[in-house]
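Data first, discussion second: the structure below is written as structure tokens.
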Protein chains: 2
Amino acid sequence: MRGWARLRSSLQSLEARRTFSSSASTETRVGIAQLLSQSGNQSDVDVYGWVRSLRRQKRVAFVALGDGSTLESLQAVLKPDQAVELSVGAAVRLKGSWQESKGAKQSHELQVHDVKVLGENDAEHNPLQPKVQTADWLRTIPHLRPRIPGHTLLLRLRSQVIASITAHFNKQGFVQTHTPVITSSDCEGAGEVFTVSAGDSKDTKQHISGGGEIEVEHFFRTPKYLTVSAQLHLEALAQAVDKVWTLSPTFRAEKSDTPRHLAEFYMLEAEMCFVDDLEDVMDVVENMLGAAARDLLTSATGDELLQARSASVSDHENGHDRVTAEILQRRWAGMADGAWPRITYTEAIEHLQAAEKAGLSKFVFHPSYESGLQAEHERYLATNIGEPHQPVFVTDYPRAQKPFYMSPSIVTHNTKGTEDTAACFDLLVPDLCELVGGSMREHRLKELQRSMAERGINGAGLEWYQDLRRYGSVPHGGFGLGFDRLLCYLGGVGNLRDIVAFARWHGRCDA
Amino acid sequence: MRGWARLRSSLQSLEARRTFSSSASTETRVGIAQLLSQSGNQSDVDVYGWVRSLRRQKRVAFVALGDGSTLESLQAVLKPDQAVELSVGAAVRLKGSWQESKGAKQSHELQVHDVKVLGENDAEHNPLQPKVQTADWLRTIPHLRPRIPGHTLLLRLRSQVIASITAHFNKQGFVQTHTPVITSSDCEGAGEVFTVSAGDSKDTKQHISGGGEIEVEHFFRTPKYLTVSAQLHLEALAQAVDKVWTLSPTFRAEKSDTPRHLAEFYMLEAEMCFVDDLEDVMDVVENMLGAAARDLLTSATGDELLQARSASVSDHENGHDRVTAEILQRRWAGMADGAWPRITYTEAIEHLQAAEKAGLSKFVFHPSYESGLQAEHERYLATNIGEPHQPVFVTDYPRAQKPFYMSPSIVTHNTKGTEDTAACFDLLVPDLCELVGGSMREHRLKELQRSMAERGINGAGLEWYQDLRRYGSVPHGGFGLGFDRLLCYLGGVGNLRDIVAFARWHGRCDA
């Protein structure tokens with residue numbers, strides 16, 4: 001039993017040790033954003049960060065310090081000998097007193113007593129240089145790019161929008177869930193998919209170049225794919241909890257090379273039961289985006305995004321399109337205001353034809369009911385319907401243009417729709433075009449099966465999906481929002497490759 | 001211009017239409033949980049849900065209605081002829097008045113005026129039957145299983161814990177991010193990985209059974225895998241924003257067949273810079289889990305979990321282990337209380353050896369420093385160190401047992417550690433064992449490279465990871481938490497296959 005006593009006492013000493021742990025812990029440590037907002041003088045301040053710039057004068061040296069919490073830098077004042085070992089990009093700890101500044105540029109500055117270099121920067125070889133570098137080049141160093149203040153800000157933007165939407169949905173009684181990434185079903189029935197196999201790469205049926213194929217064991221018995229949408233699984237979960245949503249990764253093995261497509265991207269998808277009116281689904285989208293936009297309009301992150309837009313240099317730095325602060329603010333306001341125009345596809349086509357006829361716009365493709373909306377048409381609609389920076393819902397597209405799972409318009413109250421159109425919508429925003437797509441889902445078994453048959457979809461892999469219509473089916477609807485696209489729109493970023501920290505597209509998977 | 005005028009007017013009529021849209025929209029509709037909490041009588045109430053049970057008497061019929069918002073059912077009182085078309089499992093809309101009940105079981109009930117069947121249930125063929133069905137069977141119908149009230153509750157548990165942790169981290173200044181699923185790096189250097197190839201399955205280097213291989217084009221130029229951890233990418237992002245976290249899917253192509261392993265699972269991972277003490281990282285874990293547990297202790301979801309545990313039938317129904325309400329409550333309290341014991345690996349081994357010597361426990365494997373902690377050892381420690389339902393941190397494992405990226409203990413303040421042990425911890429909880437693993441990360445370039453070389457890790461694919469140590473490196477640490485395991489622990493579920501809605505493991509990927 002002496003072993004026991006010894007252990008007890010050693011545990012007690014461990015407990016005691018804890019109370020003496022470092023005072024500036026991760027959670028109590030003061031970040032630079034917080035310090036900059038404090039106007040009172042403070043004698044003993046510990047600040048951690050990276051040197052953004054360094055100015056040595058004869059009797060004094062100035063360090064601009066950043067820690068990722070704000071675009072702004074903290075000004076630290078050092079004696080020249082304290083700055084000897086410092087260089088731009090180095091990580092440092094500065095101890096000092098927080099005092100009113102004599103300079104005009106800042107209200108306070110840190111009078112440094114003690115300097116500690118935590119990590120040197122090999123400035124000569126650093127691929128990230130403190131000068132203008134092209135967006136293309138920066139995409140080759142995604143592990144360093146987030147350190148550029150404008151890119152750091154985009155990370156904060158993502159975090160804030162997630163937090164806003166999580167809180168909003170929580171309040172609205174939507175249940176957040178995790179849908180599978182590895183799946184058997186190809187939701188859209190179109191689109192290239194990625195195949196998943198076990199690491200020994202003996203796990204797939206393989207066509208040999210000469211013809212023929214090798215049959216091998218599958219990890220999951222049958223071939224599996226990376227999900228292209230959470231929708232089908234969400235529909236199953238919605239029949240348990242009524243209203244459900246997820247923010248999860250989605251994949252397309254498309255060899256597209258555009259600013260608006262990635263091979264891997266986050267989708268925000270939601271499904272809700274007991275809805276028989278497409279308007280309700282659009283209301284949910286409008287309110288959700290409104291909540292995110294309103295948070296942005298009143299937050300520090302929003303202020304900093306505007307500030308970054310005002311400083312023209314950051315446009316180059318970040319590889320952004322020239323979205324001015326004014327445009328950005330109008331986008332947020334347009335989103336926050338709600339009550340966005342809702343027009344049918346037919347009305348949209350009429351509108352476009354009228355615009356073409358009146359010479360108000362020249363389109364490459366003549367707008368017609370049959371040929372569908374081209375990007376140029378969507379762009380025109382997004383800009384010209386409603387206020388210039390208001391999103392626009394276009395509803396009731398021809399069913400032939402849409403996937404098998406959509407209800408015909410006629411089963412919902414919302415239009416003079418027919419069997420020929422689907423109870424669906426796309427949400428278009430200026431510049432970016434399609435941001436959200438949603439619909440009522442066909443909840444009647446026979447009609448669903450007919451729709452699958454018409455499109456040549458084999459129901460075998462979707463037996464479980466049909467089950468949802470056999471056992472207590474309900475009218476329901478939902479939507480999918482391209483989350484990275486939303487961040488591009490809200491952040492004024494022209495290319496998905498710049499809003500996703502580690503972007504993947506055809507031929508490119510750096511880091 | 002007449003076209004324009006017509007369009008304007010049609011837009012105006014669209015606007016007008018909106019204001020007349022159905023009054024009981026998704027967001028204003030009253031759910032059953034909400035209604036049950038209202039004690040006042042109401043004359044006109046619309047309720048949507050599924051029939052959980054049906055009792056026909058001569059002059060009256062009783063329907064128990066559920067909509068997924070609560071374990072409890074709403075009692076609806078119908079005339080026998082109103083109930084003719086009803087069956088268990090059907091989706092219905094009931095209109096009626098909300099009145100004080102004469103029955104003792106509920107304070108209020110719905111006196112029904114109008115019944116509408118929204119979707120029939122083919123009760124005879126429904127694989128989900130209103131009787132006890134085995135957990136194994138239920139796992140074959142994941143698209144229907146969530147409808148079982150005990151499983152619905154687990155969906156709400158997941159949602160609540162996500163919301164708690166999102167709010168907590170947001171308050172603490174942690175930036176939430178999305179790390180890539182498709183990646184080149186295999187973080188642990190161990191573990192089987194899934195390979196990703198483009199859908200035409202011509203996209204991989206393939207070993208032919210007879211020997212030799214076929215070279216084919218890769219979608220991303222080189223072979224790519226499903227991520228086994230977000231850690232390396234988080235470390236890069238932490239150097240931009242200081243404190244970062246993600247909740248994202250993670251994969252292992254392991255053919256393990258245990259209740260504690262899945263091929264696809266969610267990990268909550270966090271990294272923080274400017275930390276030189278492992279204690280700080282443990283504090284973050286303790287505070288985060290404490291916040292989630294406290295929310296559970298004071299929430300309706302928590303109450304319902306306890307209620308479900310009291311009703312013994314639900315244990316069978318849900319395939320749960322026999323975790324009583326009392327155990328569950330102690331788990332939450334243990335987690336909420338904080339100040340969990342922290343012992344070193346060496347102390348843990350001594351403790352186990354003393355326990356073995358004193359005859360307090362018989363182990364299959366003799367505990368020794370070299371052979372590592374077995375599951376039985378972890379279980380003993382989790383139960384016997386500290387209070388019985390308190391988690392336990394075990395720190396400073398031998399470096400030989402741990403991955404290349406961990407710092408030796410000696411570079412942190414926290415122990416009498418040496419070069420031989422790593423500045424790392426595992427968090428053990430009773431019954432479940434390892435819940436979280438974390439460490440200080442080796443932030444010194446040369447030492448990192450030496451550690452990689454010692455383990456035979458080729459640095460080529462990890463060049464970018466080494467860069468993080470070249471340019472402004474800082475002491476940093478982080479952790480990974482098995483999110484589905486956490487939910488098992490908090491929800492009293494014994495098998496990961498029952499906490500994940502669509503679970504994937506070797507040979508199984510249903511729906």
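For Leu128(B), no part lies under 4.5 angstrom from a heavy atom of chain A. Using a 4.5 Å cut-off between heavy atoms, Ala167(A) does not touch chain B at all. Interface remark: Pro475(B) contributes side-chain atoms only to the contact with chain A (heavy atom separation under 4.5 Å). Interface residue Leu144(A): only side-chain heavy atoms are found under 4.5 Å from chain B. With a threshold of 4.5 angstrom between heavy atoms, Ala263(B) approaches chain A through side-chain atoms but not through N, CA, C or O. Interface residue Pro180(B): backbone and side-chain heavy atoms are both found under 4.5 Å from chain A. Of the two parts of Phe483(B), only the side chain, counted from C-beta on, holds a non-hydrogen atom closer than 4.5 Å to a non-hydrogen atom of chain A. Contact of Asn170(B) with chain A is made through the side chain alone, with heavy-atom distances under 4.5 Å. For a residue to count as touching a neighbouring chain, one of its non-hydrogen atoms must lie under 4.5 Å from one of that chain's; by this rule Val241(B) touches chain A with backbone and side chain alike. Both the backbone and the side chain of Asn126(A) come within contact range of chain B, each with at least one heavy atom under 4.5 Å from a heavy atom of that chain. Neither the backbone nor the side chain of Ser69(B) comes within less than 4.5 Å of any heavy atom in chain A. In this structure, the portion of Thr179(A) lying under 4.5 Å from any heavy atom of chain B is its backbone and not its side chain. Contact annotation for Leu226(B): only side-chain heavy atoms (C-beta onward) come within less than 4.5 Å of a heavy atom of chain A. In this structure, the portion of Ala501(A) lying under 4.5 Å from any heavy atom of chain B is its side chain and not its backbone. With a 4.5 angstrom heavy-atom cutoff, Trp505(A) touches chain B only via backbone atoms. With a 4.5 angstrom heavy-atom cutoff, Thr222(B) does not touch chain A via any of its atoms. Neither the backbone nor the side chain of Asp510(B) has a heavy atom closer than 4.5 Å to any heavy atom of chain A.
Taking the ring axis of Tyr48(B) as reference, the NZ or CZ atom of Arg29(B) stays within 45° of it and closer than 6.0 Å to the ring centre.
Taking the side chain as every heavy atom from C-beta outward, Val284(A) and Gln172(A) never approach each other to under 4.5 Å.
Of the charged side-chain nitrogens involved, at least one lies within less than 4.0 Å of a carboxylate oxygen, so that Glu463(A) and Arg470(A) count as a salt-bridged pair.
For Ala236(A), the side-chain contact (heavy atoms from CB on, under 4.5 Å) test picks out Trp464(A), Leu468(A), His143(B), Phe502(B), with sequence neighbours left out. Taking Glu120(B) as the reference, nothing meets the side-chain hydrogen bond (donor to acceptor under 3.5 Å, both in side chains) condition, with sequence neighbours excluded.
Of the inter-residue distances, the one linking Thr344(A) atom OG1 with Glu350(A) atom CD reads 7.0 Å to the nearest 0.5 angstrom.
In this structure, Phe174(B) has its ring center no closer than 6.0 Å to that of Trp245(B).
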